[in-house]
There are 2 protein chains.
Amino acid sequence: MQLDERKKKIMQAIIRNYLETGEPVGSRTISKYTDLNLSSATIRNEMADLEELGYIIQPHTSAGRIPSDKGYRLYVDQMMEEKEREVEELKGILLEKEDKMDHLLKQVAKVLAQNTNYATMISAPQYHRNKLKFIQLSLVDAHQLLVVTVVEGNVIKNNILNVEEKLDSEILLKLNILLNTHLNGLTLEEINLNMITAMKQQAGIHSSIIGNVIDAIAESIKADEDLEIYTSGANNIFKYPELADNQKASELITAFEEKKLLEELVEERLADDNNTGIQIYIGDETPVKSMKDCSVVTATYELEEGMRGTIGIIGPKRMDYDKVVGTLKTLMHQLDDLYKKKE
Amino acid sequence: MQLDERKKKIMQAIIRNYLETGEPVGSRTISKYTDLNLSSATIRNEMADLEELGYIIQPHTSAGRIPSDKGYRLYVDQMMEEKEREVEELKGILLEKEDKMDHLLKQVAKVLAQNTNYATMISAPQYHRNKLKFIQLSLVDAHQLLVVTVVEGNVIKNNILNVEEKLDSEILLKLNILLNTHLNGLTLEEINLNMITAMKQQAGIHSSIIGNVIDAIAESIKADEDLEIYTSGANNIFKYPELADNQKASELITAFEEKKLLEELVEERLADDNNTGIQIYIGDETPVKSMKDCSVVTATYELEEGMRGTIGIIGPKRMDYDKVVGTLKTLMHQLDDLYKKKE
DNA sequence: GTTAGCACTCTCTTTCTTGGAGTGCTAACA
DNA sequence: TGTTAGCACTCCAAGAAAGAGAGTGCTAAC
């Protein structure tokens, strides 16, 4: 059943009011709040309908109504009026364009949390499909070999290997050339056993080193795959009584501490390649079960081709969706601008 | 005034009991709990004395007594019976000897939290006095110069610099030699302007690069100084009603999230060079003010000469001091064993 | 279709009551 | 002089009772 115009307006008024106050909304309030000029009795009738349709709930017989998950969903899908919203501090951060990715991400999470008064998370972009760009072996010590790996996007990884045999700079140079000519431009998946065997042959007596180096490279690139997640503002949940009781707060805090639990949120997003928009999970819809009393708004950002991460904002169901979505959209644009400009 | 033997026994009984139950302890309980064979009336008299001396407090007139901060202090200084306590899982972790220091530290924090049921923190060891061991410049791209810096303890830092001029491998080799001969073995503090000028002269037309490289090195080593702190088990505070009210919980969680606030704890410890033992802060004694209702037990660990960090355990004042101190001591020994063996 | 009016329900807050735990004091005892 | 039994007293915690307020659903009138 489609809602008629009036029901929609009432619904909207109920939600708006509840988002602000967190208290059940009564018919009298609506009667004054809207420009419908209807008496509270009429509103009551309409509200009874809306309740029957499942959009609102009465916590107990003589209380006002609060939106159900279905009601929020309606609001989010059809009634929201998000505006683009600048976050001044963010601009500053983004302009600086920190080369330390982790600093940048931590900052974004923090500013976002301060600005929205909700908890935030941000996952570091995933690089896994990237190509090897450069490999450098150097001797740090008589028996310690430093392996530096640079992949596209200028992500650098280091390993130190212990080696038995003595290596002079000449051999090192050869090995460097060997590795770079064979491997540069390849992704991890493209390196196969044939190549490795060929390289080992060419390396002669130093073949074992080649093996170790490749293992080290593979491992250090792999290590990046268990994904980094930064969070901020977890303490904001205490601002919302409906989340602040011990049981719930404890579960939520745990989720933010054991960032493993947040990965679901990221994976859900990145799995779907076309999904670059903003996703809203209300209550039970969220993939993280400790957040079943929250709403979660996520957005996927993309820095360069294939380098994508997820930003999430976690708050009570009566979160200010307009503001959150607006803020996220603006942030996405700013990130786009920043990284498109650069290229 | 010195406490006589009997008062001490009563004091100890009060604390032991309170640590277990978290409830005020009455005279009747003590009368049965101890082997003193005294009536509750006698105990009452003694307790009145202890209260006058400031070791115990009566929350209200008709309640039992609870230890004051001074009482805990007495217990901790004179009555504790810590036993060395193995933490089986820790052994496993330490034996593996992860080369990724951050993984290791996270794991230690986590296991310690699970084991004690308190919140834990661990600071990454500080390297700042360490010497430059190795510098390597390589060209990643036509205009991108990779600077790899290794300092003693095999801590590796990377930077990528954008350079205007074209550099060939011959020049690069020269610059590499120049940098390494001048700088290896020095600490950051020992590099002075004279050296830099000398190097720039020798570098001739590439002197600006030398300047940039040194800046990059300095910066990346500095960056390590804002110290890493890993935490775990913050949600454990919800297990102790005296910490779990919204106000306190929020402050504590904030401290664990904004790890900056925990730095005080680390600095307090590391400042004092001789202080390698275990330190207990009770209530107001703690340097972090949001923890004024907690007790904090810290220990300093040392991996290699000069590489020290701090481990902290944060719980309610009625924390099981014996267990916590025992566990920390054992952990220190295990770390010692591990790193002494290696050398 | 809308509205005024009214009885009804339920929660929240406040007040009062009661039971229990524990104390401090006194007086008796060894 | 130290220890103990006994008793009156205090205070909190939990429950019961009462009242206020908010909001509803229903009916009847417009």
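Proteins get letters first, then strands, A, B, ... in listed order; numbering begins at 1 in each. Side-chain atoms are counted along with the backbone in the values below, which use heavy atoms only and exclude waters and symmetry mates.
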Protein-nucleotide distance (H60(B), atom NE2; dG20(C), atom P), rounded to Å
16 Å
Near DNA chain D, counting only heavy atoms under 4.0 Å, which residues of residues 19-28 of chain A show up?
G26(A), S27(A)
According to salt bridge (Lys or Arg N to Asp or Glu O under 4.0 Å), does anything in residues 53-62 of chain B pair up with another residue at least two apart or in another chain? List the pairs.
none
Figure out the CG/C1' separation between N17(B) and dG22(C), and round it to whole Å.
14 Å
Contact summary for K248(A) and D293(A), nearest pair of heavy atoms:
CE-OD2, 3.2 Å
Can you tell me how far C1' of dG2(D) sits from CD1 of I10(B), to the nearest Å?
13 Å
Enumerate all atom pairs, one protein N or O and one N or O from nucleotides 25-27 of chain D, separated by less than 3.5 Å.
unit_1: dG25(D); atom_1: OP1; unit_2: R65(A); atom_2: NH2; d: 3.1
unit_1: dG25(D); atom_1: N7; unit_2: R44(A); atom_2: NE; d: 3.0
unit_1: dG25(D); atom_1: O6; unit_2: R44(A); atom_2: NH2; d: 3.2

My understanding is that only residues two or more places apart in sequence, or in another chain, count here; which of them pass side-chain hydrogen bond (donor to acceptor under 3.5 Å, both in side chains) with S290(A)?
none
Base of dT10(D) paired with side chain of S62(B) (donor-acceptor, under 3.5 Å)
yes
Give the rounded distance in Å between these two atoms: CD1 of I66(B) and P of dC11(D).
17 Å
Is E285(B) reaching over with its side chain to a backbone N or O of I282(B), donor-acceptor style, under 3.5 angstrom?
yes
Length of the line joining I43(B):CD1 and dG2(D):P, which is rounded to integer Å:
16 Å
Side-chain donor or acceptor of T61(A) under 3.5 Å from a matching atom on the base of dT9(C)?
no
Does K70(B) count as lying over the ring of Y55(B), i.e. NZ or CZ under 6.0 Å from the six-ring centre, within 45 degrees of the axis?
yes
Can you tell me how the ring of Y18(A) sits relative to the ring of Y72(A), calling it parallel under 30°, perpendicular over 60° and tilted otherwise?
tilted
Consecutive Watson-Crick or G-U pairs in runs of at least 3, all under 3.5 Å, in which DNA chain D is involved:
C:1-30 with D:1-30
Pick the nucleotide of DNA chain D nearest each of P59(B) and L38(B); which residue has the one closer to the 5' end?
L38(B)
Ignoring hydrogens, what is the shortest heavy-atom contact between I314(B) and M319(B)? Give both atom names and the distance.
C-CE, 3.9 Å
Spacing between E46(B) atom CD and dT23(C) atom C1', to the nearest angstrom
16 Å
Value in whole Å for how far the C1' atom of dG22(C) lies from CD1 of I14(B)
13 Å
Atom of S250(B), atom of N235(A) and distance for their closest heavy-atom approach
O-CB, 4.1 Å
Which heavy atom of P316(B) sits nearest to which heavy atom of E242(B), and what is that distance?
CB-OE2, 3.6 Å
Tell me: CD1 of I30(B) to C1' of dT23(C), nearest whole Å?
14 Å
Give me the atom names and distance for the closest heavy-atom approach of A109(B) to T231(B).
CB-C, 4.4 Å
Counterpart residues, side-chain contact (heavy atoms from CB on, under 4.5 Å), relative to L38(B) (two or more places apart)
R6(B), L36(B), T42(B), I43(B)
